[in-house]
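The structure under discussion appears below in the form of structure tokens.
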Protein chains: 2
Amino acid sequence: MSMDLTDLEPVERRSTAAIVADRIREAIMRGTFPPGTQLGEVELAGRLGVSRGPLREAMQRLVAEGLLRSESHRGLFVRDLDAADVRDVYVARAAVERAAGLLLIAGDRAAAVQRLADALAVMEAAADDPVALADADHAFHAELVAASGSPRLRRMADTLLVETRMCLAALQQTAPPADALLAEHRELCDAVRDGDPGRLTNVLESHMLDAVERILAPTIVPTVPSSLPSSDPKKPTDPAPPALPA
Amino acid sequence: MSMDLTDLEPVERRSTAAIVADRIREAIMRGTFPPGTQLGEVELAGRLGVSRGPLREAMQRLVAEGLLRSESHRGLFVRDLDAADVRDVYVARAAVERAAGLLLIAGDRAAAVQRLADALAVMEAAADDPVALADADHAFHAELVAASGSPRLRRMADTLLVETRMCLAALQQTAPPADALLAEHRELCDAVRDGDPGRLTNVLESHMLDAVERILAPTIVPTVPSSLPSSDPKKPTDPAPPALPA
DNA sequence: GGCCCGCGGATTGTTGACAATCATACGAGC
DNA sequence: GCTCGTATGATTGTCAACAATCCGCGGGCC
């Protein structure tokens with residue numbers, strides 16, 4: 001595996017705002033900042049070793065992605081996702097990943113299946129460790145969309161996958177059964193291999209529905225959207241914010 | 001139509017960065033800033049009556065949306081879209097709007113059809129004026145996605161629609177035939193009314209394909225993606241940047 | 001004559017400080 | 001005893017100046 005220098009990239013030089021945004025995004029994704037926590041600018045800036053200017057730029061970027069909500073003269077808060085948001089994330093993911101899968105089928109199917117199979121192997125190898133499995137799951141779907149070659153689908157999927165991780169981190173009451181998860185992904189891979197658009201759509205949508213149910217299992221989950229003047233509108237969950245790392 | 005104050009909203013107070021971002025986005029969308037133009041920070045800041053701080057935050061937001069590209073220590077430029085980008089925009093739009101349409105069918109179909117019919121009426125009224133028609137077209141699709149009730153699909157669609165307008169503004173060599181456009185939208189509305197998912201998918205995808213062909217008509221347009229070492233990669237269009245409004 | 005080096009102008013990236021706004025706690029008034 | 005007005009503290013929003021980097025151009029050297 002010799003690195004060939006023929007394609008030499010234009011020296012990736014990311015702006016500090018982008019780097020800071022990546023850091024914060026990662027932290028939000030990993031659950032380091034639980035939903036609802038306020039992100040003080042001075043504290044974060046000091047911790048990351050930058051001034052408030054670049055940090056605020058990074059925040060605006062994250063607000064645009066929908067990960068943070070900004071209240072004027074009040075502060076920036078990590079968006080907290082309710083059941084409706086969980087469903088919405090998976091609806092949007094189904095839309096994006098279905099389109100990506102169709103592009104895969106229409107394009108170089110063999111190469112796509114190869115990449116998917118590799119990602120699947122990583123998942124199988126990490127079946128024991130729940131967090132590694134979540135990472136591999138994330139990587140699988142990211143690869144699925146990236147292989148489609150559509151930059152816009154890719155960007156959308158990246159944001160949605162981060163939100164998915166937020167859901168999992170916030171509501172991770174139980175680790176998902178690894179075998180069922182693997183089976184679903186294998187089936188998804190097969191659908192691409194066979195090149196059957198209808199089957200891919202079905203597999204993908206049922207995969208998403210399963211995921212939603214898994215996440216929303218312990219909570220009250222009315223299947224009909226809205227129109228629920230149910231008992232208690234206030235959230236019972238309000239765990240003390242854990243200490244920040246490093 | 002008496003305004004009822006029962007639901008009184010939390011007083012919409014947008015941050016200046018968001019306002020500035022809207023302004024710039026609008027200008028890019030309308031073609032005031034042609035693709036490839038550099039946006040000087042001091043000039044823009046002075047023109048908008050804000051300092052460079054908030055302006056830079058707004059820029060980061062637009063970069064995150066993919067409307068601008070930032071070269072380090074070089075400046076911010078309006079992204080120029082090539083043929084592949086045009087196809088990609090419409091692929092993504094098809095994915096998003098299909099999902100939204102399916103949600104419409106599954107939800108309150110009557111209300112959705114009503115909103116779509118209203119938007120369609122606006123289009124019909126503006127059939128003569130090309131720019132008004134483009135606005136109405138934009139509004140129709142925005143309404144389609146907004147009516148789905150999915151905030152994520154909505155956000156994606158908003159960004160994609162702006163990019164669509166960029167394509168149109170940059171390559172508007174010929175006004176689209178209003179009658180064909182109206183017919184397609186009517187058919188789309190009917191598909192939602194009938195509640196036939198398959199038909200909706202077909203109508204929507206053909207609508208998108210038609211739009212792509214319309215835009216890419218005069219240029220060389222190979223139907224197969226990528227692998228085109230065609231003649232001239234550089235764009236002939238480089239009109240003098242028109243003066244800024246207000 | 002052609003190529004390399006260095007300088008001037010301009011623009012971006014970053015910083016620290018100033019002004020405006022909001023939440024909280026305390027005390028006066030009813 | 002409860003409510004309202006006010007002071008205080010902290011945080012956000014904004015600004016102008018400083019430092020770093022890059023493009024274009026002229027002079028020197030080969």
Side-chain angles (χ1 to χ4, degrees), chain A residues 8-24 27-28 33-65 67-80 234 238 240-241 244, chain B residues 8-24 27-28 33-34 36-65 67-80 234 238 241 244:
Chain A
L8 65 116
E9 308 146 26
V11 182
E12 179 153 0
R13 298 185 47 183
R14 304 166 55 72
S15 70
T16 58
I19 298 174
V20 172
D22 284 349
R23 282 281 189 86
I24 312 273
I28 293 176
F33 300 118
T37 48
Q38 179 173 4
L39 302 181
E41 294 183 358
V42 284
E43 181 181 341
L44 265 184
R47 218 174 276 245
L48 293 170
V50 296
S51 189
R52 283 182 50 210
L55 184 122
R56 282 177 63 86
E57 296 174 15
M59 291 311 205
Q60 287 297 328
R61 198 178 270 221
L62 295 176
V63 169
E65 292 177 14
L67 270 66
L68 300 178
R69 88 188 127 85
S70 159
E71 294 186 21
S72 196
H73 291 282
R74 196 80 64 86
L76 291 154
F77 302 86
V78 181
R79 274 206 60 187
D80 36 7
K234 92 176 44 171
D238 193 19
L244 272 169
Chain B
L8 62 119
E9 307 145 26
V11 184
E12 179 159 356
R13 298 184 47 183
R14 304 165 55 74
S15 71
T16 59
I19 299 175
V20 172
D22 284 348
R23 282 281 189 85
I24 312 274
I28 292 175
F33 300 119
T37 47
Q38 180 172 3
L39 301 180
E41 294 183 357
V42 285
E43 180 182 342
L44 266 183
R47 220 174 274 243
L48 292 169
V50 296
S51 188
R52 283 181 50 207
L55 183 123
R56 282 177 64 85
E57 296 174 15
M59 291 310 203
Q60 287 295 330
R61 198 178 269 221
L62 295 177
V63 169
E65 292 177 14
L67 271 66
L68 300 179
R69 88 189 128 86
S70 158
E71 295 186 20
S72 196
H73 291 284
R74 196 80 64 87
L76 291 154
F77 302 86
V78 181
R79 274 207 61 189
D80 37 6
K234 90 177 44 170
D238 192 16
L244 271 169

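Computed from heavy atoms alone, side chains included, the values below leave out hydrogens, waters and symmetry copies. Residue numbers begin at 1 in each chain, while the letters A, B, ... track the order of the sequences.
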message: Need one value for A:Thr16: base, sugar-phosphate or nothing, where a base atom within 4.0 Å counts as base even if backbone is also close, heavy atoms only.
response: sugar-phosphate
field: Nearest heavy atoms of A:Pro34 and A:Val78, plus distance in Å
entry: O-CB, 3.8 Å
query: Does A:Phe33 reach the side chain of A:Leu68, with side-chain heavy atoms less than 4.5 Å apart?
result: no
query: Where does the chain A footprint on DNA chain C start and end, counting 5' to 3' with a 4.0 Å heavy-atom cut-off?
result: C:dT14 to C:dA23
- request: State, to 0.1 Å, how close A:Val20 and A:Ala58 come at their nearest heavy-atom pair, and which atoms those are.
  value: CG1-CB, 3.6 Å
message: For A:Glu41, give me all partners under side chain to side chain contact (heavy atoms under 4.5 Å, CB included), at least two apart in sequence or on another chain.
response: A:Arg52, A:Leu55, A:Arg56, A:Leu76
Members of residues 54-61 of chain A that approach DNA chain C, where some heavy atom sits under 4.0 Å away: A:Pro54
query: On DNA chain C, nearest-nucleotide positions of A:Arg52 versus B:Leu39: which is more 5'?
result: B:Leu39
B:Ala17: partners by side chain to side chain contact (heavy atoms under 4.5 Å, CB included), with sequence neighbours left out: A:Gln60, B:Ser15, B:Glu57
query: How long is the span from the CZ atom in A:Arg61 to the CG atom in B:Leu62, to the nearest 0.5 Å?
result: 10.5 Å
- request: Kindly indicate whether the side chain of A:Leu44, heavy atoms from C-beta on, has any atom under 4.5 Å from the side chain of A:Ile24.
  value: yes
query: Sequence neighbours excluded, which residues qualify as side-chain hydrogen bond (donor to acceptor under 3.5 Å, both in side chains) partners of B:Gln38?
result: none
- request: Check whether any side-chain heavy atom of B:Arg69 lies under 4.5 Å from a side-chain heavy atom of B:Asp80, and answer yes or no.
  value: yes
- request: May I ask you to test the B:Ile19-B:Leu48 pair for a side-chain heavy-atom distance under 4.5 Å?
  value: no
query: Among residues 69-78 of chain A, which contact DNA chain C at a heavy-atom distance under 4.0 Å?
result: A:His73, A:Arg74
